[in-house]
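First the structure, in the form of structure tokens, and then the observations on it.
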2 protein chains.
Amino acid sequence: MRQAGDLSCAPSIDAQQALARAEALCQQRGARLTDLRRRVLEIIWSSATPLGAYTILDVLRDDGRQGAPPTVYRALDFLLAQGLIHRLASLNVFTGCRRPGSHHSGQFLICRDCGRVSELSNPAIDELLRAETDARGFEVLAQIVEILGRCPDCLEEPTRHD
Amino acid sequence: MRQAGDLSCAPSIDAQQALARAEALCQQRGARLTDLRRRVLEIIWSSATPLGAYTILDVLRDDGRQGAPPTVYRALDFLLAQGLIHRLASLNVFTGCRRPGSHHSGQFLICRDCGRVSELSNPAIDELLRAETDARGFEVLAQIVEILGRCPDCLEEPTRHD
DNA sequence: TGATGTTATGTTATAGAATAACATTTGTTA
DNA sequence: TAACAAATGTTATTCTATAACATAACATCA
Ligand SMILES: [Zn+2]
Ligand SMILES: [Zn+2]
Ligand SMILES: [Zn+2]
Ligand SMILES: [Zn+2]
């Protein structure tokens, strides 16, 4: 996959805003955004594409920090619980939530070519799914809506599958 | 999880119909539904709940058949390619397709308590997703719509989480 | 302050899911 | 039958995630 971003660059504006937002939300809730958790969130936001847990772990180790899989999975669990990130089940990766504050399951467009992800919040989709489940007497706990395809940018270019 | 079915019972009517349907479709397409592939499909249909690849492998070994992970994954790949089964990304399990013949991504209601799955085919959902992706110039290759919750049967009972 | 309980992190080991690579067998076709 | 292609057997490895227990950091109260 042609990666659209890298991790070495300084935190982007997006990342900085996301971190500030996370700080505020956690403060509000009395949740502890520790150094480790903040750093994991920063790593996620510093990438243009969603990251797997082990990739995040590699970055932590590059930081000089000690760590093992539970280190990163626990941080991810916290961030998921706070609604600060989403997990993309189809790829086993994690991405920053563009609209934290209101917990939601999210709807994602995932580009097969560049790996970038758009997060939708189409209420009509939620409503339609809700109507369908209501009609069947099914109680919804979580929704997964992930669409794999090719983004406009990648469609412009001549197709080249790596 | 309270499993709603087991694998020991004889193939159900559903399973028999699904197998007959699969035979016909493969015949039509010149695809080879070999003993192994047919048996894997039968195992999947013989369970009231979706199965993981390694569970299927266990059953194959109980059959006295030799096998390793690639054995079952290759059969699953074939069945997926033929549109005879679906993979549920949120659970890493496989379930028989209720409407084979027309390839589709499917929409699933997954009960957290009993594990049973309903496959929807709501064209309105597809259309809405299509409208959203069209508006963004995003080319769709595959859709994942999985809803985790509690089915009507399990809602009737007093909540008991194992 | 120090004792105590709670939360977070460190650490080791293991479980679970999927694929790579190559050998062998089976089926098809010339 | 020879030659080729498709399917399966086999071994090893990679990737993802969690169990279990030890230690450290933080909060609360006597
Ligand atoms: Zn979100
Ligand atoms: Zn793209
Ligand atoms: Zn289907
Ligand atoms: Zn149920």
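Just so it is clear: chains get the letters A, B, ... in the order the sequence lines come, proteins before strands, and each one is counted from 1.
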N/O (side chain, A/Gln66) to phosphate O (OP1/OP2, C/dT9) under 4.0 Å: no
Interatomic distance, A/Phe78 CZ vs C/dA8 P [rounded to whole Å]: 7 Å
Pairs meeting criterion ring-ring contact (aromatic ring centres under 6.0 Å, His included) with involvement of residues 20-50 of chain B, two or more places apart: none
Donor-acceptor pair (no angle test) under 3.5 Å: A/Arg74 side chain, C/dG10 base: yes
With sequence neighbours excluded, residues passing side chain to side chain donor-acceptor pair (under 3.5 Å) with A/Thr95: A/Arg98
Contact under 4.0 Å: B/Arg37 side-chain N or O vs D/dT8 OP1/OP2: yes
Nucleotides 24-30 of chain C: protein proximity per nucleotide (B base, S sugar-phosphate only, - neither; heavy atom, under 4.0 Å): ---S---
Axis-to-axis angle between the two ends of the helix from C/dT1-D/dA30 to C/dA30-D/dT1 (five base pairs per end, rounded to 10 degrees): 20°
Rounded distance (Å) that lies between atom P of D/dA7 and atom CG of B/Leu79: 12 Å
B/Leu36 CG to D/dT10 P, straight-line distance once rounded to whole Å: 13 Å
Close side-chain approach of A/Cys97 and A/Leu84, heavy atoms under 4.5 Å: no
Qualifying residues under salt bridge (Lys or Arg N to Asp or Glu O under 4.0 Å), relative to B/Asp14, sequence neighbours excluded: none
Sugar-phosphate only, base, or nothing, as touched by A/Thr34 at under 4.0 Å among non-hydrogen atoms: sugar-phosphate
Salt bridge (charged side-chain N to carboxylate O under 4.0 Å, His left out): pairs with one or both residues in residues 20-29 of chain B, sequence neighbours excluded: B/Glu23-B/Arg38
In one Ile/Leu/Val/Met/Phe/Trp/Tyr side-chain cluster, 4.5 Å: A/Ile144, A/Phe94: no
Sequence neighbours excluded, every pair satisfying ring-ring contact (aromatic ring centres under 6.0 Å, His included) that has a member inside residues 49-80 of chain A: none
Residues that A/Glu146 engages under salt bridge (Lys or Arg N to Asp or Glu O under 4.0 Å), provided they are two or more places apart: none
Annotated protein contacts, base or backbone, on nucleotides 11-16 of chain D with a non-hydrogen cut-off under 4.0 Å, one of B, S, - each: B----B
Atom pair distance, as rounded to whole Å: CZ in B/Arg65 and C1' in D/dT8: 10 Å
Listed once per pair and sorted, the salt bridge (charged side-chain N to carboxylate O under 4.0 Å, His left out) pairs that draw on residues 55-73 of chain A, sequence neighbours left out: A/Arg39-A/Asp63
Distance, rounded to the nearest Å, where B/Leu60 contributes CG and D/dA7 contributes P: 17 Å
Rounded distance (Å) that lies between atom C1' of C/dA17 and atom CG of B/Leu80: 14 Å
Residue list, side chain to side chain donor-acceptor pair (under 3.5 Å) with B/Gln107, at least two apart or on another chain: B/Asp126
ring-ring contact (aromatic ring centres under 6.0 Å, His included) contacts in which one or both residues fall within residues 104-130 of chain B, not counting sequence neighbours: B/His86-B/His104, B/His86-B/Phe108
Whole angstrom value for the distance that separates P of C/dA17 from CG of B/Asp77: 16 Å
Same cluster (ILVMFWY, side-chain, under 4.5 Å), B/Ile110 and B/Ile147: no
Length of the CZ-P vector between A/Arg39 and C/dT9, whole Å: 15 Å
